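Below is one structure, written out as structure tokens; comments come after it.
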Amino acid sequence: MRIADKLAERQTFSFEIFPPKGELPLEEAYAIAGEMAADRPDWISVTYSAGGSGNSGNTVPIAASIERDLGVTALAHLTCLGSRRADVDGYVAQLAEAGIDNVLALRGDRAPGREAIDFAHASDLISYLRSTDADLCIGAACYPEGHVESPTEQESFESLYKKQEAGADYLVSQLFFDNEDFYRFRERCLRHRVRLPIVAGIMPFTSVKQIQRMAFTCGASIPAKVVKRLVLAGDDPTDQARAGVEYACEQLVDLAANGVDGLHVYSMNKPAVAHATCEALRACGYLGA
Ligand code: FAD
């Protein structure tokens with residue numbers, strides 16, 4: 001089912017997985033997806049070479065298995081830096097063969113040797129996908145605190161408007177740790193004529209090291225209330241991870257109460273973390289039993 005149709009019907013709830021790196025078997029990803037599917041998310045998204053990991057060849061097989069074997073809608077990511085139109089045509093053909101309607105169209109993280117060839121920005125990819133015969137439901141990324149490369153707020157919203165005008169159906173946000181940033185962003189979108197549904201992306205942090213890395217790669221700010229939780233958790237990795245999941249659950253419950261269009265958990269191949277967020281939303285009545 002098309003994700004835009006789900007968003008038109010209800011507040012959605014979704015998870016994300018990334019293909020296993022290196023030589024790890026695909027079965028590992030299938031098993032993780034299977035565990036996550038038990039919580040009946042509206043969709044599971046599968047990343048495409050995120051962070052330059054080079055594992056893009058496994059995105060479609062995993063997404064296909066999610067649709068075919070688990071009966072859950074899959075969202076296949078696709079990045080365009082370093083790609084030619086023919087590469088995109090090939091990917092679209094794979095999606096069609098696998099019966100996947102949903103794609104998240106991205107530029108991709110910059111990495112050495114990954115220069116723009118036929119596409120410089122996500123909006124170029126979206127326009128191209130719209131020009132093909134494929135009738136895809138297309139999502140795009142948005143950034144509640146602005147994209148790290150956008151020098152001004154105006155430019156950030158202009159890029160977003162271009163994605164909308166190119167034919168994106170909805171947006172999925174970068175992670176953020178202060179819901180007020182998301183609420184402000186939602187209001188500003190309307191002022192900048194961006195009217196697409198916006199799915200809020202939440203990452204349960206699992207350690208001090210991980211949250212620091214995310215802050216630098218995504219430009220997400222770490223509020224004092226998160227720092228305090230981590231200080232209280234101390235050096236114990238289990239306590240740090242528990243603090244991260246608890247904080248994410250609180251964020252999700254607040255977002256659900258504030259009527260966001262959808263809730264997306266960057267569950268990072270951790271079914272137990274995904275399940276905990278689901279349980280928190282169920283306990284507050286935001287998801288069916
Ligand atoms: P763009 O929309 O192209 O924006 C990039 C920068 O260029 C921004 O600063 C923007 O303001 C500017 N810009 C946009 N259009 C124009 C224009 N026409 N003229 C001038 N400037 C412009 N990365 C991966 O590699 N794989 C993944 O699977 C993946 N999944 C992601 C999922 C989500 C939900 C999010 C939020 C990010 C994901 N990323 C992934 C990271 C993403 O690729 C990076 O954030 C990347 O830096 C920007 O991608 P974009 O699609 O927003 O690019």
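For clarity, every value in this text was computed on a predicted model and none was experimentally measured. Counting starts at 1 for both ligands and their atoms, following the listed order.
- Close approach of ligand 1 to Q174 is summarised as follows: ligand atoms under 4.0 Å from at least one heavy atom of the residue are 36 (C).
- In this comparison of H77, Q154, E16, the heavy atom closest to atom 30 (N) of ligand 1 sits on H77.
- Residue E149 has at least one heavy-atom neighbour below 4.0 Å for each of these atoms of ligand 1: 9 (O).
- Classified by interplanar angle (parallel below 30°, tilted 30° to 60°, perpendicular above 60°), the ring pair H192/F157 is parallel.
- Ring pair Y48/Y91: centre-to-centre distance below 6.0 Å.
- Residues that satisfy the side-chain hydrogen bond (donor to acceptor under 3.5 Å, both in side chains) test with T47, not counting sequence neighbours, are absent from this structure.
- The ligand atoms of ligand 1 that sit less than 4.0 angstrom from a heavy atom of S150 are 8 (C), 9 (O), 10 (C), 11 (O).
- Under a 4.0 Å heavy-atom criterion, F18 is not in contact with ligand 1.
- A salt bridge links R130 and D169; the closest N-O separation between the charged side-chain nitrogens and carboxylate oxygens is under 4.0 Å.
- Taking the six-membered ring where the residue is Trp, H147 and Y143 present perpendicular rings, their angle passing 60° and hence far from 30°.
- Near R114, the atoms of ligand 1 lying under 4.0 angstrom from a non-hydrogen atom of the residue are 25 (O).
- Among K162, R107, H264, the residue whose heavy atom sits closest to atom 53 (O) of ligand 1 is R107.
- At a 4.0 Å cut-off, not a single heavy atom of F157 sits close enough to ligand 1 to count as contact.
- When the heavy atoms of I126, D109, L171, L106 are ranked by distance to atom 38 (C) of ligand 1, first place goes to L106.
- For the salt bridge (Lys or Arg N to Asp or Glu O under 4.0 Å) condition, the pairs that include at least one residue of residues 212-227, sequence neighbours left out, are D178-K225.
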